[in-house]
Structure formats: structure tokens, C-alpha cells
A.B. asks: 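Structure below; questions to follow.
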Amino acid sequence: HQSSDDDSTTDVCTVHREKQSLVCVSNWSPRQCCSRARPNPIDLHSTRATSSSRHPHAICSSLVWIAICDQQGCSIMAATVHNIDQQTPLITFDEHPLEAAVECEQFGSKTKRFVPGTSSVIWPSAMLLSRHLCAQQQLVNGKRCVELGSGTGMVGLVAAALGAQEVVLTDFEEGLPLLERNIARNKGQSRAVELIWGEEEHISRLGRHKFDLVLASDVICHQDEEVMEQLARTMAS
């Protein structure tokens, strides 16, 4: 999600924990992004995300090991980040080296199928992360991937199209019909599964420590302390 601050922007971070990786996107000010010292990574083995308790963006800031953003890049992104139509019924993503465009339906706020509390519309961060995966295809090619808070499923579906061995899209139960519609529209090994962050039964059913790559796009905006702790616990699982 993009804040209204003119200085805000969206950037990508990649984290490696043993054999598992996390790729997420967050909102940073270009001034912060280009001047802030690299923070210490969060301990993903901990069940409590202490660094995220006081600030909704702290979890991604703490997870940054590789930040892809410079002064020029941030300025360009900030100028274009709001130009996404959240009412058009179909979003098309076509970027090299995809063999075919990835298409995702979305349920805008003016439609009867809009699902409050889930991201049934596309956000700029999903498009940026999808572009990053296309530029770094080795992150997903042949890998087992899970996307947290998939929303429309754009990021996970792009990963599948880039040759991921397996992609699991996760969200609330109410968001699964949209994910399943978008899976049917696209190629690749993908499936949709209900996953409530921190819910042990859901995590066990999905499988612990079985994925090579965890994807997350726009999952930390306006979240309270408890939700952030559950997110960190889920990523650590």
C-alpha cells in the first residue's frame, strides 16, 4: 500500500534464512531508503517479532539484507506508483522473460464481489515485486514457493510462470474464490489454500519448512501488533 506522503515509495527486499528465502515489498521514503544504515535482521526463529511491535513497517525494515532501491530509482517509482486502476476487471502483467502474460481478475470496491479485509484488488507493490522476480528469475525457477496474503495472486502466479516447481497462494477463506479464478486463467503449478497467520492447524496442513521461497506483497500496512507477531511466526514456520 502506498501512503499519501509525496516522498514515499515502494521497494523490494530479499532475505535468505538458511535454505529458505523471503522476498517482500514495503513502503519507504526515498530519503530514508538511501540514507538509512542497513538494520539488523529479525530472528525468524523467534515467535515474537519484537522489532515490529512499535511500527507497522518495522518488520520489513528489519528483514532487509538486500534492498533494491537508489535515489534515482526511488524517484521514478514514486512518480508512477499511484497509476494503477483498481476498478478495471482484469489486470495484465507482461514482462520479459515471461512466455505469456499473466492475467488476474480483481474485484474493485464498486463491485458486488469486493471482499473487505482482503486485497481483492491489485496494489503497486505486487507489480513491483513481480517485475523484480522477472529480473531475478533464479529466485523462483525450480523452487517451491508460498505467497502470504496473496490477494489477487499476481505475484505467485508470476512466480509460477517463471518456472517455479510449486506455488501455493494463501489468504483468508473469503479470498480463495478469486485466487482460484486467477489460477484457472494462467499456466503453472499453483493452488490456493486458506492460511490465517499464526494458526497452527493451517501452518501444519500447509507444511512446515517445506518451501524454498516465501513471497509477501503489501502485507504489513495498518496491521496491529498481534497481527504482526502472527505474521512473523508464520514466516518462521
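For clarity, every value in this text was computed on a predicted model and none was experimentally measured. If you read the sequence from its start, that first residue is 1, and numbering goes on from there.
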A.B. asks: If only atom types and distance count, is the side chain of Q137 paired as donor or acceptor with the main-chain N or O of L162 below 3.5 Å?
C.D. replies: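 At least one qualifying donor-acceptor pair exists.
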A.B. asks: Taking all heavy atoms of M154 and all of V102, pick out the closest pair and write down the distance.
C.D. replies: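 So the minimum-distance heavy-atom pair works out to SD-CG1, 3.9 Å.
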A.B. asks: So which atom in C134 and which in P97 form the shortest heavy-atom distance, rounded to 0.1 Å?
C.D. replies: O-CD, 3.4 Å
A.B. asks: Show the numbers, then the answer: is there a side chain to side chain contact (heavy atoms under 4.5 Å, CB included) between K210 and E166?
C.D. replies: CA-CA 11 Å; K210 65 171 288 187; E166 177 188 11; 4.0 Å; yes
A.B. asks: Going by salt bridge (charged side-chain N to carboxylate O under 4.0 Å, His left out), name the pairs with one or both residues in residues 97-111, residues two or more places apart or in two chains.
C.D. replies: E103-R185, E105-R181, E105-R185
A.B. asks: Restricting to pairs with a member in residues 149-158, which pass salt bridge (charged side-chain N to carboxylate O under 4.0 Å, His left out), not counting sequence neighbours?
C.D. replies: none
A.B. asks: Check whether any side-chain N or O of S217 sits under 3.5 Å from a backbone N or O of A126 as a donor-acceptor pair, and report yes or no.
C.D. replies: yes
A.B. asks: Checking M235 against W197 for the side chain to side chain contact (heavy atoms under 4.5 Å, CB included) test, could you report, in this order, the C-alpha distance in whole Å, the side-chain angles of both residues, the deciding distance, and whether it holds?
C.D. replies: CA-CA 9 Å; M235 289 191 294; W197 300 339; over 6 Å; no
A.B. asks: May I ask you to decide if G198's main-chain N or O and E229's side chain share a donor-acceptor pair within less than 3.5 Å?
C.D. replies: no
A.B. asks: What's the separation between atom CG in L98 and atom CG in N186, rounded to the nearest 0.5 Å?
C.D. replies: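 If we round to the nearest 0.5 Å, L98:CG and N186:CG are 10.0 Å apart.
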A.B. asks: What distance do Q165 atom CD and F211 atom CZ have between them, rounded to the nearest 0.5 Å?
C.D. replies: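 Interatomic distance, Q165 CD to F211 CZ, rounded to 0.5 Å: 11.0 Å.
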A.B. asks: Ignoring hydrogens and angles, tell me if any N or O in the side chain of Q223 forms a donor-acceptor pair with the backbone of V219 under 3.5 Å.
C.D. replies: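 Checked: pair present.
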A.B. asks: Side-chain polar contacts of residues 87-94 - donor-acceptor pairs under 3.5 angstrom, sequence neighbours left out - could you list them?
C.D. replies:
| residue | atom | partner | partner atom | Å |
| --- | --- | --- | --- | --- |
| Q87 | NE2 | S109 | OG | 3.3 |

A.B. asks: Hey, is the main chain of V167 close enough, under 3.5 Å, to the side chain of Q189 for a donor-acceptor pair?
C.D. replies: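 No; zero donor-acceptor contacts below 3.5 Å.
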A.B. asks: Would you say V146 and L178 are hydrophobically clustered, going by side-chain heavy atoms of ILVMFWY under 4.5 Å?
C.D. replies: no
A.B. asks: For S125, does its backbone N or O pair with a side-chain atom of D218 as donor and acceptor, under 3.5 Å?
C.D. replies: no
A.B. asks: Find the distance between CG (L195) and CZ (F172) and round it off to the nearest 0.5 Å.
C.D. replies: 9.5 Å
A.B. asks: What residues form a side-chain contact (heavy atoms from CB on, under 4.5 Å) with A192, not counting sequence neighbours?
C.D. replies: L176, L179, E180, I183
A.B. asks: Can you pull the salt bridge (charged side-chain N to carboxylate O under 4.0 Å, His left out) pairs that have at least one residue in residues 193-204, sequence neighbours excluded?
C.D. replies: E200-R208, E201-R205
A.B. asks: Looking at CZ of R191 and CG of L169, how far apart are the two atoms once the value is rounded to the nearest 0.5 Å?
C.D. replies: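 Reported value, rounded in 0.5 Å steps: 9.5 Å.
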A.B. asks: In this structure, which one of L215, L157, V155 forms a side chain to side chain contact (heavy atoms under 4.5 Å, CB included) with S130?
C.D. replies: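 Considering L215, L157, V155, a side chain to side chain contact (heavy atoms under 4.5 Å, CB included) with S130 is found only for V155.
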A.B. asks: Between OG of S237 and NE2 of H202, what distance do you get to the nearest 0.5 Å?
C.D. replies: 13.5 Å
A.B. asks: Tell me the closest heavy-atom pair linking F114 and F107, and the distance in Å.
C.D. replies: CD1-O, 3.2 Å
A.B. asks: Once salt bridge (charged side-chain N to carboxylate O under 4.0 Å, His left out) is applied, what residue pairs with a partner in residues 134-156 remain, sequence neighbours excluded?
C.D. replies: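 Found R144-D212.
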A.B. asks: Find the distance between CD1 (I196) and CD1 (I203) and round it off to the nearest 0.5 Å.
C.D. replies: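 Result: 10.5 Å between the selected atoms.
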